[in-house]
Protein chains: 2
Amino acid sequence: MRLLWEKWVHVFMDLGDSRSRPVQLQGQGQEDGVKPRKATRIQIRNQERILDGALSVFAKTGFRGATVDELAKAAGMTKPNLLYYFKSKKTLYVAVLEFVLERWLEPLEQLDPDGDPAEQILNYMRAKLSMSKERPEDSRLFANEILNGAPLLGAVLQGHLKELVEQKAIVIRHWCDTGQLNRVDPYHLIFFLWATTQHYADFEVQVTALLGQDARDKTYDDAADTLETILMQGLLPRK
Amino acid sequence: MRLLWEKWVHVFMDLGDSRSRPVQLQGQGQEDGVKPRKATRIQIRNQERILDGALSVFAKTGFRGATVDELAKAAGMTKPNLLYYFKSKKTLYVAVLEFVLERWLEPLEQLDPDGDPAEQILNYMRAKLSMSKERPEDSRLFANEILNGAPLLGAVLQGHLKELVEQKAIVIRHWCDTGQLNRVDPYHLIFFLWATTQHYADFEVQVTALLGQDARDKTYDDAADTLETILMQGLLPRK
DNA sequence: GTCTTGTTTGACCATTTGGTCAGAAATTCC
DNA sequence: GGAATTTCTGACCAAATGGTCAAACAAGAC
């Protein structure tokens, strides 16, 4: 799975003063006089490989569970070489988190205040479910981080995410107030959508243990149908 | 939080042959000729302390993230002393998992085929939500384990849990077939209930980051209300 | 080609970690 | 009280882990 790390390649490398260490890549952090040099092709290629491998390693075992050796192997290089590109395990971890975060938040940003409420919410549910299916590692990466107290994501939760959710909560509340939706707490509706969709990525082993390995497509289709039914009609038949 | 480990205290300690190592506690494993000695008060007290502390440590950082030193500190004793009672970190971890598992499965077992469907499902939802509130560490312990591939719980998922879920799925399917519930996939309804309720324990940092630390009671009340509304009526108003 | 810069590696190091062990201290049994 | 057993601890160990470094090697610029 080739990713699009390219546009995200910045400040990952140690810069400091060192003579042999390259580079400050384009993007940020040019406060001091060091003139940023352009990233070489090799740098871009290797950082991509590293980030790519690191996502699956970190998603599998969390930050503490991952070893630098594993990370290097996943990137197909030696440990010192990996540490040439990312000065520490933590730096790498943060870089991966940062990258994945954007994708993670995107669907919620798409929620359109002017659209039809039911349609908007179903779309959001489907988009999140599709992310669980196509990029389960993203979801597991965050699940690990949050489950263990979000030591490095805490700031984001309090900042960007909080704003975004507040904003969308207002939209949902409006839909309730105008009678377009039943009266529910907007925040809990959002949690509800997160929980039900991410469950399929985060608890995939459990899901497949109960439903069988082979029926992955069917699993996600059935999940979408069930969620749609519940969201639109609830469990009780309308007489 | 004092727990009821007592009835679970069994075979935790190394037994083998050793002269100074005690004990095979009551419960199981008496296959060989070694006559089981009764657990002393000290053993019971200390094993309780250890298991008690271990639950919160493992829930916080997962198996790999927890160190034996932390575990010992949480139990208020030295590392070698802890290892006197549980011969390895893994043994201790499995013991904690085993214990917590029972509580975890209990609510689903209560689901009554002869009860009113809506009431049964709401009760189950409330019971699980209450568990998330009162025993979040239980939930996080499993979340960590499953998220990381359930290396030690895999057998349970394929065995006991699978049976239990199959059994309850039949009940739910029957409710659907007789028109008492809208037609939904029973498995996904169960996942839905797990996901939405456990979310509040597993992602507590996120939830409190967005809703505020102080309103814990309110959070769970609102969650229950929202879930009830959605489950019973869905989001769309009935005209 | 050669000089400069960027990349890669084997060997190495300090710390942390899971776990052991011999014996000291406490407890129980008679 | 004294012997036998159980509980506890400081000192220790081997393996794993995050990270460093000097030097070898490759790429570009001219």
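Side chain of B:Lys89, nearest nucleotide from D:dG18, D:dT7, C:dG18: C:dG18. In the set D:dG19, C:dG19, D:dC8, D:dG19 carries the atom at the smallest distance from any side-chain atom of A:Ser88. When distances are taken from the side chain of A:Leu83 to each of D:dT7, D:dT20, C:dG6, the shortest belongs to D:dT20. Checking C:dT17, D:dC8, D:dG18 against every side-chain atom of B:Thr67, the shortest atom distance belongs to C:dT17. Of the candidates D:dC8, C:dT20, C:dG6, the closest approach to any side-chain atom of B:Pro80 belongs to C:dT20. Closest to the side chain of B:Ile42, out of D:dC8, C:dT20, C:dT7, is D:dC8. Of the candidates D:dG19, D:dT7, C:dT7, C:dT7 carries the atom nearest the A:Asn46 side chain, counting heavy atoms from C-beta on.
Spacing between atom OH of B:Tyr85 and atom P of D:dT6 amounts to 11 Å, rounded to whole angstrom units. As a whole-Å value, the separation of A:Gln43 CD from C:dG6 C1' is 8 Å. Atom-to-atom, CE of B:Met77 to C1' of D:dT7 comes out at 10 Å; the value is rounded to the nearest Å. Separating the CD atom of B:Gln47 from the P atom of D:dT6 is a distance of 14 Å, rounded to the nearest angstrom. A:Asp69 has its CG atom 14 Å from the C1' atom of C:dT9, to the nearest Å. When rounded to the nearest whole Å, the span between CZ of B:Arg49 and C1' of D:dT7 equals 13 Å. Atom pair A:Tyr84:OH and D:dA26:P shows a separation of 15 Å (rounding to whole Å applied). Atom pair A:Phe86:CZ and C:dT7:C1' shows a separation of 15 Å (rounding to whole Å applied).
Contact between the side-chain N/O atoms of A:Asn81 and the OP1/OP2 oxygens of C:dT9 is found at a separation under 4.0 Å. When the side-chain nitrogen and oxygen atoms of A:Arg41 are compared with OP1 and OP2 of C:dG6, none of them lie within a distance under 4.0 Å. Between D:dC8 and B:Thr78, no contact under 4.0 Å exists linking OP1 or OP2 to a side-chain N or O.
With respect to B:Glu70 and B:Lys89, no salt bridge is recorded, no charged nitrogen being found less than 4.0 Å from a carboxylate O.
A donor-acceptor contact closer than 3.5 angstrom links the side chains of B:Asp202 and B:Ser139.
Here the CE atom belonging to A:Met125 is positioned 6.5 Å from the CG atom belonging to A:Leu129, to the nearest 0.5 angstrom.
Taking the centre of each ring, B:Phe203 and A:Phe142 stay at or above the 6.0 Å mark. Proximity of the aromatic rings of B:His188 and A:Tyr220 is defined here by a centroid distance below 6.0 angstrom, and this criterion is not met.
Counting atom types as modelled, A:Lys87 pairs no side-chain N or O with a base atom of D:dG19 as donor and acceptor under 3.5 Å.
Residue contacts for A:Arg64: at a heavy-atom cut-off of 4.0 Å it reaches no nucleic acid atom on any strand shown. Using a 4.0 Å heavy-atom distance criterion, A:Ala66 is classed as a sugar-phosphate-only contact.
Between B:Leu51 and B:Phe86 the shortest side-chain heavy-atom distance falls below 4.5 Å.
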